[in-house]
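Contents: one structure, followed by commentary.
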Amino acid sequence: MSTASEGLHARLRLARGGFTLEVEFATAAHGVSALFGASGSGKTSVLRCIAGLTRAQEGFVSLGDECWQDEARGRFVPAHLRSCGYVFQESSLFAHLSVRHNLEYGWKRVPSSARRVVFDDTVELLGIGPLLARRPATLSGGERQRVAMARALLASPSLLLMDEPLASLDEARKGEILYYVERLRDELRLPIVYVSHSIDEVVRLADAVIMISHGRVVDIGPVSGRLEGGSVIDTRVAEQDLAWGIARLEFSGGSFYAPDVDALPGERVRVRIRARDVSLSLAPPRDASFLNVLAGTVAAISDEPGASADVQLDVAGTLLIARVTRKSIAALGLAPGRRAYALIKSVAIDRTSVGYA
Amino acid sequence: MNHDIIAVWLTLRLAATTTALLLGIGTPLAWWLARTRSWWKGPVAAVVALPLVLPPTVLGFYLLVAMGPAGPVGALTQSLGLGTLPFTFSGLVVGSMIYSLPFVVQPLQTAFEAVGQRPIEVAATLRAGPWDRFFTIVVPLARAGFLSACVLGFAHTVGEFGVVLMIGGNIPGATKVLSVALYDHVEALEYAPAHWLAGGMLAFSFLVLLVVYGSARRSAEER
C-alpha cells in the first residue's frame with residue numbers, strides 16, 4: 001500500500017485465553033480509519049497494542065518513519081514515549097484535577113518546540129472554554145468526552161486513537177460529539193483510528209474501514225462501496241434451512257432470507273443491506289429468482305446530483321434504502337407515499353453484512 | 001508527672017519514627033500487592049496481616065528471641081558492631097514497625113486498588129513516565145489512603161503495649177512509653193496520674209478517628 005510509509009502500519013498477534021488476535025493493516029497519513037466489528041471482535045485490543053498499553057506477543061507497529069514495536073528485533077517503545085493520543089470509551093478525566101489542569105497534563109509534558117497545536121485553538125475547537133475552571137465530576141457525559149478529546153490532542157499526538165467515544169452517551173449527546181469528531185477530522189492533519197460497532201458512525205466519519213471479526217481482518221478499504229448507502233435491520237433468526245444453507249430472518253416488516261448466517265434460531269442478528277443491492281418494483285415479481293420481496297411505502301427520495309438516487313422505503317417502520325437510477329424513478333413514477341416492493345437478492349446479504357445485534 | 005512527660009514524648013517520637021519508616025516500606029509493598037498477579041500475593045498479604053491476629057506478646061517473644069544475642073538478627077547487628085536491639089529505642093522502632101505494618105499497608109493497598117488501571121494508562125498516553133504517573137496521579141488519587149495509613153500507623157504505635165513489654169522493658173527515656181507508664185501507675189495504685197494518661201489517650205484516639213472519617217467523607221464527596 002503506497003500510504004503505508006506515511007500512515008500507521010500494524011501487524012499484531014496476541015493470544016489470550018481462548019482468543020487470538022491476528023491482524024495486519026495500514027492506514028493513510030490522515031483521515032479517519034474505522035475499526036469496525038461486533039463487540040468482542042478484538043477492536044479495543046488492537047488500539048491498546050498500537051498505543052503500547054498492551055504488548056502483542058508478535059508485532060510490528062510503525063507510524064511514518066517511527067517504529068514503535070518490532071518484536072523481531074525486540075523493540076517495544078513504552079506508551080509514554082509514543083506520540084499517540086488515546087480517547088477512552090468512558091470518561092477518563094483525572095478526578096483530582098480541574099478541567100484546565102486535565103488539559104495541561106499532556107500539554108506540559110511536550111516540549112514547546114514539539115507542540116503541534118495551540119492551546120486556546122484546541123479549547124475553542126471543542127467548545128470547552130466555559131468549562132475550564134470546573135471539576136470533572138460536575139460535567140455532563142458529552143462535556144467529559146469533549147475535554148478528553150481536547151486533552152489527547154493537546155499532547156500533540158501524531159496519531160489519534162478513539163475507542164467508541166460515544167458508547168457511554170445517550171442519542172442526543174452522540175450527535176453533539178459526532179459533530180466535534182468531524183471537526184477534528186477536517187481540521188487536523190493526522191491519522192485517526194476510530195473504533196466503532198455503529199455503521200451510522202462509520203459511514204458518517206470514516207474514510208476507510210477495517211472490518212474485524214473474531215480477531216481477524218475480514219475486509220479493508222474505502223468506506224464507499226462497503227458501507228456507504230445502505231440500511232441496517234435488527235432481526236431475529238426465525239429458522240435455519242440447513243438443506244439450502246439459508247436462514248429466514250424476521251423483523252417488524254416481515255422476513256427475508258440470507259445465506260450462511262452464523263446464528264441459531266431465536267438469536268438476534270443485525271443485517272446491513274447495501275442500497276445498490278435493493279431493486280424496486282410496483283408489483284410483486286413472479287417467476288424471478290428474488291427470494292426477498294418486502295412491501296412498503298416510499299418515504300423519501302434523495303436529490304443529490306447524478307444519475308442515481310437513494311429511495312427510502314418504509315417497511316412497517318423499518319427504513320430500507322434502494323439505490324436506483326433516476327430513469328427508473330421516472331419510469332415507475334416513484335414519489336413519497338407510493339406503494340412499492342423492495343427486491344433483495346439473498347446472496348447480496350453476505351457474511352460481512354451480518355453481525356450480532 | 002515529669003516521668004510521664006518523658007514517657008509521652010518518647011511515645012510520640014517512637015510513633016513518628018515508626019510511621020515515617022513504615023510509609024517508606026509500606027508504599028512500595030502496598031503498590032506491589034495492589035497490582036501483582038503473582039502467586040506470592042496471597043502469602044505476602046497473609047504475613048503482612050499477621051500482626052492483626054497475633055497476640056502482641058507472641059510477636060514480642062519472637063522478636064526478643066530473634067534480636068537477642070543468640071538470635072539471627074542479633075548475630076547480624078552484633079557483627080555490624082551495633083550491639084543487640086532489645087531494650088533500646090531502635091529495637092522498639094523495629095518491633096513497632098512490624099506490629100503496625102498492616103495498619104499502614106492495608107489502607108494504602110485499598111486506595112491503590114481503588115485508583116485502578118485506567119487513570120494510569122491515560123497518563124501514559126499523555127506522555128507521563130512511570131514515576132511521573134505515580135506521583136502526579138496515583139498519590140493524589142490515593143491521598144485519603146495515605147492519610148488513613150499515617151494516622152492509623154501512628155495511633156496504633158502509640159497504643160502498643162505487649163510488644164514493648166517484651167522487647168523494650170521499662171527504661172525511662174529509652175523504652176518506657178505511655179502505655180507502660182500507665183501500667184506502672186496502676187500497679188502502684190496511683191490513680192490520679194493514671195487518669196491523666198488514660199484520658200489523654202482516649203481523647204487522642206477519638207480525635208484521630210474523627211480526622212480519618214472526616215477526610216474519607218470529604219474525598220468521597222469530591223468524586
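Within every chain, numbering begins at 1; the chains are lettered A, B, ... in the order of the sequence lines, protein sequences first and strands thereafter.
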*Under 3.5 Å donor-acceptor, A:Ser156 side chain and A:Arg116 backbone*: yes

_Residue B:Arg118 versus chain A: region with a heavy atom under 4.5 Å_ = side chain

_Top of A:Ser83, A:Gly85, A:Ala152 for chain B proximity - count of heavy-atom pairs under 4.5 angstrom_ = A:Ser83

*Validate the cation-pi geometry between B:Arg127 and A:Tyr86: distance from NZ or CZ to the six-membered ring centre under 6.0 Å, angle to the ring axis within 45°.*
no

_Heavy atoms from other residues, nucleotides or ligands near CZ of A:Arg115 exceed 12 (cutoff 6.0 Å)_ = yes

_Region of A:Val110 that comes under 4.5 Å of a non-hydrogen atom in chain B_ = side chain

*Side chain from CB out, backbone as N, CA, C, O: work out which of these in A:Arg48 comes under 4.5 Å of a heavy atom of chain B, or both, or neither.*
side chain

*B:Tyr99 vs B:His156 aromatic rings, parallel, tilted or perpendicular, using cut-offs 30° and 60°?*
parallel

